Amino acid sequence: MEENAEIYRPSPVVVEAANIKEYNQLYKYSVENREDFWAEQAEKLFWHKRWDKVLDDSRKPFYKWFVGAKTNIISNAIDRHLATATRNKLAIIWEGEPGDVRTFSYHALNREVSQMANILKAMGVQKGHIVTIYMPQVPEQVFAMLACAKIGAAHSVVYGGFSHEALAERINDAKSRVVLTADGGFRRGKPTQLKEIVNKALEHTPTVEVCITVRRTGQETFMENDRDYWLHDLKALPIASPRCETEVMDAEDMLFLLYTSGSTGKPKGLVHTHGGYQVYTSTTHRMAFDIKDEDRFWCAADPGWITGHSYITYAPLINGSTIFLYEGAPNHPYPDRWWKMVEKYGINILYTSPTAIRGLMRFGESWPKKHDLSGLRLLGSVGEPINPEAWKWYHRLVGGGNCPIIDTWWQTETGGFMICPLPITPLKPGSATRPFFGNEIAVVDDHGVEVQPGHEGNLVIKNPWPGMARTIFNDPERFRKTYWERFESQGWYHPGDSAKMDKDGYFWIIGRSDDVLKVSGYRLGTAEVESALVGHPAVAEAAAIGLPHELKGNSIHCFVLLKTGAAPSRALEDELKKQVADQLGAIARPEEVHFVESLPKTRSGKIMRRVLRAQALGQDLGDISTLEE
Ligand code: WT7
């Protein structure tokens with residue numbers, strides 16, 4: 001934490017334009033009248049039937065919001081716009097990496113989504129089914145999510161960078177009958193081989209009967225009879241009518257499940273629902289990003305992560321914004337690709353990650369300086385703590401010193417922003433500032449006692465909020481244990497982050513306090529990396545830790561104990577790195593693999609990663625009284 005952090009006050013222009021001009025009073029009202037506050041936000045949306053009760057907390061921690069209400073997030077994200085001037089406004093501007101452009105008005109979006117919805121229905125998808133989506137960043141990825149929601153099926157989007165093993169595991173957990181994919185996408189000038197990965201995954205997924213493929217790159221791919229269909233062929237059939245009724249759902253019906261890493265090997269499918277999620281995401285987006293009718297909003301995440309679900313697909317469409325989507329690499333063909341597009345399309349709000357900013361920073365100041373970025377009004381950051389150096393570069397070179405940086409702390413589990421500034425909030429580089437409305441957040445010790453300002457502790461959220469995940473798919477007990485057991489008597493949510501709060505009530509996130517790593521903003525479990533390593537015939541035991549990395553924030557370092565008979569070598573090191581990358585995806589590739597003679601363990605046999613980390617960083621080993629030897 002920067003004890004004497006500089007304070008950046010918003011310029012008079014920003015304050016003048018802001019929809020919300022005062023935080024403290026509204027915050028006080030929102031936490032003292034939480035249900036009223038959220039009911040007032042919910043009233044801004046369309047409901048097929050109003051709720052009987054805002055919050056049902058009778059079965060903690062399995063909270064329910066807007067109980068009794070009938071809705072569908074699509075009624076708000078698309079349908080209601082068709083009756084207003086928004087109908088002919090652009091919903092999506094998409095640019096492919098090769099430079100091709102496609103645009104869709106809300107009217108056109110509705111036709112695309114309806115066609116896909118009808119195709120899914122014709123393929124036997126029904127309300128309550130889970131459809132897996134594994135796609136590159138093409139508009140069809142967004143259409144596919146919206147089409148599922150429209151017919152009451154849940155989607156499970158698997159990030160297109162994941163391996164076939166990871167994809168198969170997620171398809172099997174969700175028991176999907178239908179998978180949507182593409183032949184590939186363009187990345188750094190080359191087509192990716194997405195359908196090939198799907199073909200491999202589908203060798204191990206007994207429930208899959210249908211796979212629909214979008215043609216993007218035109219590559220040849222194996223198409224299995226009676227299983228594989230090209231989307232463009234289906235769209236030409238009478239089944240694909242561009243008119244489709246939106247299914248009326250209960251507020252608490254599942255909208256999607258999204259897998260994320262935890263401290264054990266098995267990824268967890270977090271469940272989000274139609275009602276509360278639409279209220280929470282649209283409110284946080286509208287207030288924190290101060291959304292205006294004419295805004296062009298670019299969230300440069302992949303739709304396959306929660307950031308893309310909440311702030312590419314759902315919240316901006318509910319708020320009737322124009323979203324911008326880009327398919328490829330930020331530095332292709334040159335490191336000013338992003339800045340060129342910001343200028344070309346007149347982007348007003350750019351929301352990205354510290355890792356992306358650091359990546360573009362290393363090419364120097366000349367690239368953003370080539371472009372007129374004065375259309376930008378606000379900038380955003382998410383995924384990991386932003387180092388003040390990257391913050392200042394982003395602020396000065398991208399924002400021209402005029403754009404507040406909305407640093408948003410949240411998680412897959414929270415659905416939307418939990419700690420973030422408003423445009424009017426005085427900023428301290430590296431702090432996500434204050435809680436969003438309705439949330440009481442604190443830093444406590446292991447007994448739940450609030451620590452002094454400036455001291456490190458566990459971040460906790462003391463209240464339910466409408467966007468919260470409802471459970472882990474098929475494993476409610478794991479949900480209770482992972483997030484609610486630690487501070488059970490208090491009834492607080494435990495996100496697994498350590499943090500400090502300063503004397504002004506600003507939060508400074510330090511990082512994960514559990515066995516989860518953030519590498520380039522991606523979330524990985526140490527256990528997943530370790531089990532990939534142990535899967536290699538030469539490996540007896542393995543431990544993975546994160547160490548600070550200039551570009552990635554953290555990088556993965558592995559400590560490996562070989563089986564007798566196996567010998568350490570450069571070749572084996574490379575083989576092990578490849579093993580992890582193949583099994584989990586390229587993002588999980590270890591920075592280094594160290595061969596060791598033993599691993600530090602507790603007497604009960606648990607690997608003490610904390611000790612490995614301290615050793616690697618040359619720090620004091622801390623309390624090692626439980627160490628085996
Ligand atoms: C973890 C959640 C929320 C969408 C992307 C990540 C870290 C996230 C920030 C931030 C400091 C942050 C936390 C959190 N994190 N945003 N603004 N400042 N840390 O979602 O993959 O579920 O990861 O990301 O450690 O627990 P996720």
Side-chain angles (χ1 to χ4, degrees), residues 1 157-159 161-162 257-263 267-270 272 277 280-281 284-285 288 299-315 351-358 379-388 390-391 394 405-421 425 427-436 441 443 456 458-461 467-469 472 482-483 493-501 506-525 528 546 552-554 585 587-588:
M1 165 166 82
V157 181
V158 178
Y159 168 59
F162 275 134
L257 71 95
L258 185 59
Y259 289 91
T260 190
S261 298
S263 46
K268 22 185 191 187
L270 273 314
H272 285 282
Y277 179 82
Y280 198 75
T281 54
T284 47
H285 179 250
C299 168
D302 189 291
W305 302 107
I306 190 68
T307 310
H309 280 55
S310 300
Y311 298 106
I312 293 177
T313 304
Y314 290 112
Y351 182 36
T352 185
S353 64
T355 216
I357 297 160
R358 289 191 298 262
L379 300 173
S381 176
V382 62
E384 58 181 315
I386 180 164
N387 47 312
W391 195 101
Y394 194 29
I405 294 182
I406 310 299
D407 180 355
T408 60
W409 178 87
W410 60 296
Q411 308 179 298
T412 305
E413 292 83 346
T414 70
F417 311 155
M418 299 304 288
I419 306 176
C420 65
T425 308
L427 302 174
K428 303 184 190 183
S431 167
T433 77
R434 315 273 308 270
F436 188 76
I441 300 185
V443 177
E456 184 173 347
N458 306 296
L459 193 70
V460 292
I461 301 162
M468 65 202 305
I472 291 174
T482 311
Y483 307 107
Y493 173 80
H494 175 238
D497 275 26
S498 64
K500 294 179 185 180
M501 193 183 78
Y506 278 47
F507 288 90
W508 298 78
I509 308 299
I510 295 164
R512 299 290 310 189
S513 57
D514 54 6
D515 297 326
V516 169
L517 299 176
K518 290 287 287 247
V519 179
S520 300
Y522 296 114
R523 181 162 157 181
L524 287 164
E528 292 169 274
K552 303 178 184 172
N554 287 291
I587 48 175

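Everything numeric here is computed off the predicted structure, so don't read it as measured data. In listed order, ligands and their atoms are each counted from 1.
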Open item on the list: Determine whether a donor-acceptor pair (N or O, by modelled atom type, separation under 3.5 Å) exists between the side chain of K518 and the backbone of G383.
Closed with: yes
TODO: Indicate whether the side chain of Y259 and that of T412 have a donor and an acceptor atom separated by less than 3.5 Å.
DONE: no
Task: Residues lining ligand 1 [heavy-atom distance under 4.0 Å, listed by chain and residue number] - done: I306, T307, V382, G383, E384, P385, D407, T408, W409, W410, Q411, T412, D497, I509, R512, K518, R523
Open item on the list: Between Y493 and Q411, do the side chains contain a donor N or O and an acceptor N or O under 3.5 Å apart?
Closed with: yes
Task: Pair T307-C299, side-chain contact (heavy atoms from CB on, under 4.5 Å): steps then yes or no - done: CA-CA 8 Å; T307 310; C299 168; 3.7 Å; yes
Open item on the list: Among residues at least two apart in sequence or on other chains, which ones pass side chain to side chain donor-acceptor pair (under 3.5 Å) with T260?
Closed with: R523
Task: Ring centre gap for W410 and Y311 strictly below 6.0 Å - done: yes
